[in-house]
Amino acid sequence: MSKFWSPAVRDLTPYVPGEQPRERLIKLNTNENPYPPAPGVEAALRDFPADHLRRYPDPQSNALREALAAELGVTADQVFVGNGSDEVLAMAFQAFFRQERPLEMPTISYSFYPVYCRLYGIERRTHALDAEWRVDLEAFGQSAGGVIFANPNAPTGHGHDREAIAGLLERVTDSVVLVDEAYVDFGGESAVPLIERFPNLLVTSTFSKSRSLAGLRLGYAVGSRELIEGLERIKDSFNSYPVDSLASALGIASLADRGYFDACREAVITTRERTRDRLETLGFEALPSQTNFVLVSHPDFDAAQLFVGLRERGILVRHFNTDVLRDHLRISIGTDDEMDSLIEALESLCR
Ligand SMILES: *Cc1c(COP(=O)(O)O)cnc(C)c1O
């Protein structure tokens, strides 16, 4: 607390990201990709002329937006890019959700959403997940000053198909529905093809997970021209150059290699299913997952203690100390070797 802070700063509850340890641990706590970025990214990094950094980047990031548009089957004016999807989400909250009516979201979803609500003074209304821990799409649309959820959801892993999302959009037509697809490449179905039909649909995604570029900070949104223009108005009132020229070049290089991208996500999916089976053999309950993590609990062992035991054995996972999630661990999918070490450690802890 400081007397120099603006009054509103005292009331904030900032997001706490997963730990980035300095020692060498098997790091399964922040859903990073265990595989390196596409080889073309390294080549583009080597070839990038340092002299380009003398100039400001293109404020519209046109080259990157065109590359993304081609990849997603939309036009460049339906794409917005930012410095990580967290920033894109922050701009979307400002552009669309500062309304008279509350913003609707699931009780369990990405924990940054309530943080943005506080930052921007947005009231929220939460809806419980259904009995299988899926986002209850039926519940949305009562008060809607907007709707936001992750699909597939975090940290639960379940994703609704496109038809289900279309059903929601048929009902909620007069406010923005934001679908956060940070994990969609690991087995989910993208809602992007629906943007032509629904001008109030905004889909966000990121290069951090499926493209192994969390350190680069690149995220994007896809939606109707009018939504993208709303985001641009916020961007140009805040920071005209959120995406630097190096990030643009490396993002484009990543998009160029579809074969590598597909191979990496297939590897993660295969390891995930193998890991779920082995965890279940150890007596864990592991929710089905369309993401690069699994949410697990064990009927006989305390999650907080397992977290500590794993950490002592050099393995970092995520434990959320909230009422609903206290009994669970979220485990990111690493390489097969890393998951072998995880299973070995859990075998010694769960006996
Ligand atoms: C990781 C994550 C993000 C943020 O991604 P960045 O692009 O790294 O900022 C957004 N939403 C969800 C649901 C995530 O898990």
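Excluded from the calculations below are hydrogen atoms, water molecules and symmetry mates; all remaining heavy atoms, backbone and side chain alike, are included. We count ligands from 1, going down the list as the structure has it; atoms in each ligand are counted the same way.
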Please state whether [X] comes within less than 4.0 angstrom of ligand 1, counting heavy atoms only.
X: E87; answer: no
X: Y183; answer: yes
X: G84; answer: yes

Subject >> Euclidean distance, L306 CG relative to C350 SG, rounded to 0.5 Å >> reply: 5.0 Å
Original post:
Considering only heavy atoms, which of D180, T30, N292, L216 lies nearest to atom 11 (N) of ligand 1?
Top reply: D180
**OP:** For atom 10 (C) of ligand 1, state which one of P155, S85, G18, G215 supplies the nearest heavy atom.
**Re:** S85
**OP:** Could you tell me whether the side chains of S332 and N31 share a donor-acceptor contact shorter than 3.5 Å?
**Re:**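 Looking only at side-chain atoms, N31 and S332 do form a donor-acceptor pair, the distance falling under 3.5 Å.
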Original post:
Transitively linked via ILVMFWY side-chain contacts under 4.5 Å: F140 with L178?
Top reply: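 Cluster IDs for F140 and L178 differ.
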Original post:
For the side chain to side chain contact (heavy atoms under 4.5 Å, CB included) test, which of Q305, E312, R311 pairs with V308?
Top reply: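 Per the side chain to side chain contact (heavy atoms under 4.5 Å, CB included) rule, the option paired with V308 is E312, out of Q305, E312, R311.
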**OP:** Establish, yes or no, whether a centroid distance under 6.0 Å links the rings of F293 and Y183.
**Re:**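 When the ring centroids of F293 and Y183 are compared, they turn out to be within the sub-6.0 Å range.
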Original post:
Which of the numbered atoms in ligand 1 are below 4.0 angstrom from a heavy atom of S208?
Top reply: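 Listed by number with element: 6 (P), 7 (O), 8 (O).
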**OP:** Below 4.0 angstrom from a heavy atom of R217, which ligand 1 atoms are there? Numbered from 1 as shown, please.
**Re:** 6 (P), 8 (O), 9 (O)
Original post:
Between H298 and F284, what is the ring plane arrangement, given parallel below 30°, perpendicular above 60°, and tilted in between?
Top reply: perpendicular
**OP:** List the closest protein heavy-atom neighbour of atom 14 (C) of ligand 1: residue, atom name, distance to the nearest 0.1 Å.
**Re:**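 Minimum-distance protein heavy atom for atom 14 (C) of ligand 1 reads K209 NZ, 3.0 Å.
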